[in-house]
Amino acid sequence: MAAAAANSAVRRLPFAAASSRRHAGAMYRPCSLSMNGCGGGGGEQAPLAICETRTLPAVSTAESAAAQLGSAVAALNADPPRCRSGIIRVEVPIREGGGEAIEWLQAQRAALLPRCFFSERAAGGHLGSTGADGSASPPFSGNGGSLRRPRRPPVRSVAGVGSAVHFRRSDPFAFRDWRSIKRFLSTDCPLIRAYGAIRFDATAIVSPEWKDYGSFYFVVPQVEFDELEEGSILAMTIAWDDSLLWTWQEAMDELQATMLQISPLFLKLNDPCPKANIISLNHVPTKASWDVSVVKALQMIKESDPELVKVVLARCNRYITDIGIDPIALLACLKGEGQNAYQFCIQPPDAPAFIGNTPEQLFHRKYLSISTEALAGTRARGVTKSEDIQIGQDLLFSPKENIEFTIVRESIRNKLENLCSKILVKPSKSLRKLPRVQHLSAQLSATIRNEDDEFDILKSLHPSPAVCGLPTEEARRFIEENEMFDRGMYAGPVGWFGGAESEFAVGIRSALLGKGCSMLVYAGAGIVEGTNPTSEWKELDLKASQFTRLLQYQEPHIYYQEAKNMGTTAI
């Protein structure tokens with residue numbers, strides 16, 4: 001559970017070789033050494049002896065904040081805590097903002113792994129939503145059944161490097177793993193958070209590009225930059241536990257090594273978008289194979305006593321480019337696409353980076369209040385305002401899209417009823433408008449009985465019918481038997497756990513990038529009665545276009561094929 005403070009056969013990918021440059025007299029190296037908070041056994045672990053946040057005086061620049069943290073490291077090393085376990089965050093507020101979190105992370109790009117980034121959606125989470133009658137829908141979030149959005153730390157974006165403590169196993173994410181993570185968190189330290197992702201299906205065969213993620217991967221960064229509504233924070237965190245064979249001195253040595261490599265600068269680029277050319281593209285599956293799978297699903301759905309009501313099938317596009325693409329630069333380029341969407345980056349040591357712009361919230365918890373949403377159905381945005389309104393109305397009143405959306409909304413409502421009280425759905429159906437697409441959406445709120453129910457909420461809501469289907473097990477089995485690639489963390493939960501608050505998005509509209517010249521882009525579409533295979537294939541192109549629009553095709557050289565090894569899509 002949350003920390004009770006006494007004082008308050010992995011294969012390394014070839015493109016993951018460590019770089020070796022000198023900066024400020026220190027050798028660059030990946031910060032892969034840290035404590036695995038899950039440990040090696042399954043027994044109950046004792047609460048940490050100390051869990052605290054120490055806030056230093058505010059400064060005016062990031063450079064001054066970095067100097068303050070440097071002095072704090074020296075003070076901690078000179079006078080270490082006299083306990084066998086703990087986690088300490090030291091933070092320095094920056095008065096004038098200091099810059100954007102993505103720019104700070106971009107400045108660290110050559111230095112440190114692991115790294116993470118998570119950005120909130122637009123204020124209220126539902127800007128641009130309209131109801132079925134065309135009226136604007138108010139911001140909405142769970143608060144014990146209330147429409148008022150609960151207060152939270154005013155954090156817009158978080159960028160982190162290094163690992164104070166990480167959590168990873170190859171076994172499916174279980175209650176003991178959730179307890180291991182929460183052990184390092186506290187309601188008294190709201191900005192100590194574990195950022196990460198969970199596989200879509202932990203029982204599926206893991207392909208090489210996802211090996212280093214395990215079935216889940218979370219990290220509490222060693223150094224992070226928090227972009228707030230007003231101002232910002234530069235912070236460092238140290239964690240240790242003798243019972244996990246990670247002593248204070250080992251943790252301090254790693255923190256000092258990371259701090260020597262931190263740049264306080266912000267990398268502002270006039271045109272950060274990559275100038276890469278696409279020289280080849282593999283669709284997995286091809287259009288022909290896609291049609292076969294969709295027809296097969298529709299035959300099952302149309303049976304008089306169907307086992308399957310809806311299934312979400314996905315496509316993996318493997319792009320080979322003439323130059324390598326920096327995942328953080330690409331994420332920065334996608335900022336315009338990130339309006340009213342979560343942006344994220346998760347990258348363990350020696351692994352490709354998982355990045356994305358997802359519009360879909362899985363859930364948000366603030367103490368005992370839960371908010372979530374249903375999202376289904378897709379249309380492009382119109383070129384003109386009148387065209388956009390017409391397309392939106394077609395989506396709102398489409399019988400096929402209404403079936404798909406209702407399946408998602410009612411499934412979520414039923415799951416909440418099994419775990420929560422005070423369930424409220426409002427509006428029952430609205431339009432969620434994003435820069436390139438629009439969806440049907442509904443917001444739901446509820447109240448859980450105790451904070452331990454957070455794990456049950458996570459396990460119950462994932463996978464939702466929006467990314468898997470209904471019934472869940474039948475849809476998952478169909479995906480396992482018919483999809484030709486490993487989804488990995490695509491369509492899985494991505495976000496963070498905190499002491500008093502946690503928030504997870506659904507890892508769609510996402511891509512996997514390595515240090516070579518490969519990029520995997522994932523997209524899915526819901527198959528229900530009335531689905532047209534070609535229309536859904538075009539929907540996949542539309543969803544993937546937020547990544548591909550930034551690249552250029554070399555038409556004379558591009559080719560389309562289906563990978564021969566259907567169990568693996570290499571990167």
Side-chain angles (χ1 to χ4, degrees), residues 3 5-8 18 22-40 45-57 64-92 108 111-116 159-168 180-181 183-186 188-189 191-195 218-226 233-264 348-349:
N7 296 327
S8 101
R22 291 193 177 274
H23 173 72
M27 180 70 73
Y28 272 123
R29 63 186 178 85
C31 294
S32 57
L33 294 177
S34 72
M35 169 174 54
N36 186 345
C38 291
Q45 294 173 311
L48 296 184
I50 184 174
C51 179
E52 64 181 38
T53 295
R54 303 177 182 180
T55 302
L56 303 180
S64 298
Q68 284 252 47
L69 290 182
S71 299
V73 169
L76 282 170
N77 198 30
D79 186 20
R82 290 168 175 77
C83 50
R84 296 174 56 85
S85 65
I87 185 167
I88 298 173
R89 171 185 165 102
V90 182
E91 60 185 27
V92 181
Q108 320 300 324
L112 302 167
L113 286 177
R115 56 185 173 180
C116 64
V161 296
S163 172
V165 53
H166 73 275
F167 309 87
R168 176 170 49 193
S180 294
I181 294 172
R183 179 172 175 257
F184 285 85
L185 309 175
S186 170
D188 296 328
C189 303
L191 293 183
I192 297 180
R193 298 171 173 177
Y195 299 88
F218 287 90
V219 62
V220 177
Q222 277 181 316
V223 183
E224 67 181 65
F225 183 89
D226 301 335
I233 294 173
L234 188 66
M236 65 181 189
T237 301
I238 183 170
W240 72 101
D241 187 347
D242 291 356
S243 69
L244 294 176
L245 304 180
W246 190 252
T247 65
W248 165 269
Q249 194 57 56
E250 288 173 307
M252 177 56 66
D253 290 345
E254 284 300 306
L255 178 59
Q256 288 177 315
T258 300
M259 290 298 297
L260 286 173
Q261 301 175 61
I262 289 296
S263 169

Q: Taking side chain to side chain contact (heavy atoms under 4.5 Å, CB included) as the test, write out the residues that go with Pro80, two or more places apart.
A: Trp248

Q | Rounded distance (nearest 0.5 Å) linking atom CG of Leu48 with atom CD1 of Ile87 | A | 7.0 Å

Q) Quick one: CE on Met35 to CZ on Phe184, what's the gap to the nearest 0.5 Å? A) 4.0 Å

Q: Working to the nearest 0.5 Å, report the span between CG of Leu191 and CG of Leu185.
A: 11.5 Å

(Q) According to side chain to side chain contact (heavy atoms under 4.5 Å, CB included), who are the partners of Glu250, at least two apart in sequence or on a separate chain? (A) Trp246, Thr247

Q.
To check you understand the geometry: which heavy-atom pair defines the closest contact between Ser85 and Ala49, and what is its length?
A. OG-N, 3.1 Å

Q.
Test: ring-ring contact (aromatic ring centres under 6.0 Å, His included). Region: residues 64-83. Which pairs qualify, not counting sequence neighbours?
A. none

(Q) Run the side chain to side chain contact (heavy atoms under 4.5 Å, CB included) test against Ser64 and tell me which residues pass, sequence neighbours left out. (A) Val59, Thr61

Q: Evaluate side-chain contact (heavy atoms from CB on, under 4.5 Å) for Gln222 paired with Glu254, printing each intermediate quantity in order.
A: CA-CA 9 Å; Gln222 277 181 316; Glu254 284 300 306; 3.6 Å; yes

Q.
Once salt bridge (Lys or Arg N to Asp or Glu O under 4.0 Å) is applied, what residue pairs with a partner in residues 69-80 remain, sequence neighbours excluded?
A. Asp79-Arg82

Q) Residues two or more places apart in sequence or in another chain: which of them pass side chain to side chain donor-acceptor pair (under 3.5 Å) with Glu91? A) Thr55, Arg89

**Q.** Phe218 side, atom CZ; Cys38 side, atom SG - distance, nearest 0.5 Å
**A.** 9.5 Å

Q: For Ser71, enumerate each residue passing the side chain to side chain contact (heavy atoms under 4.5 Å, CB included) test, keeping only those at least two apart in sequence or located in another chain.
A: none

(Q) Can you give me the closest heavy-atom contact between Ile181 and Ala194, atom names plus distance? (A) CG2-CB, 3.8 Å

Q) If you round to the nearest 0.5 Å, how far is CZ of Arg168 from OG of Ser34? A) 8.0 Å

Q: Could you grab the distance from atom OG of Ser186 to atom CD1 of Ile50, nearest 0.5 Å is fine?
A: 11.0 Å

Q: Check the pair Arg193 / Asp226 against side-chain contact (heavy atoms from CB on, under 4.5 Å), numbers first and verdict last.
A: CA-CA 12 Å; Arg193 298 171 173 177; Asp226 301 335; over 6 Å; no

Below 3.5 Å, can you tabulate the donor-acceptor pairs from side chains in residues 233-245 to any protein atom, sequence neighbours excluded?
{"unit_1": "Trp240", "atom_1": "NE1", "unit_2": "Cys83", "atom_2": "O", "d": "3.1"}
{"unit_1": "Asp241", "atom_1": "OD1", "unit_2": "Ser243", "atom_2": "N", "d": "3.0"}
{"unit_1": "Asp241", "atom_1": "OD1", "unit_2": "Ser243", "atom_2": "OG", "d": "2.7"}
{"unit_1": "Asp241", "atom_1": "OD2", "unit_2": "Arg183", "atom_2": "NH1", "d": "3.0"}
{"unit_1": "Asp241", "atom_1": "OD2", "unit_2": "Arg183", "atom_2": "NH2", "d": "2.7"}
{"unit_1": "Asp241", "atom_1": "OD2", "unit_2": "Ser243", "atom_2": "OG", "d": "3.1"}

Q.
Please enumerate all residues that pass side chain to side chain donor-acceptor pair (under 3.5 Å) together with Gln249, with sequence neighbours excluded.
A. Asp253

**Q.** Side chain to side chain, Leu69 and Val90, heavy atoms closer than 4.5 Å
**A.** yes

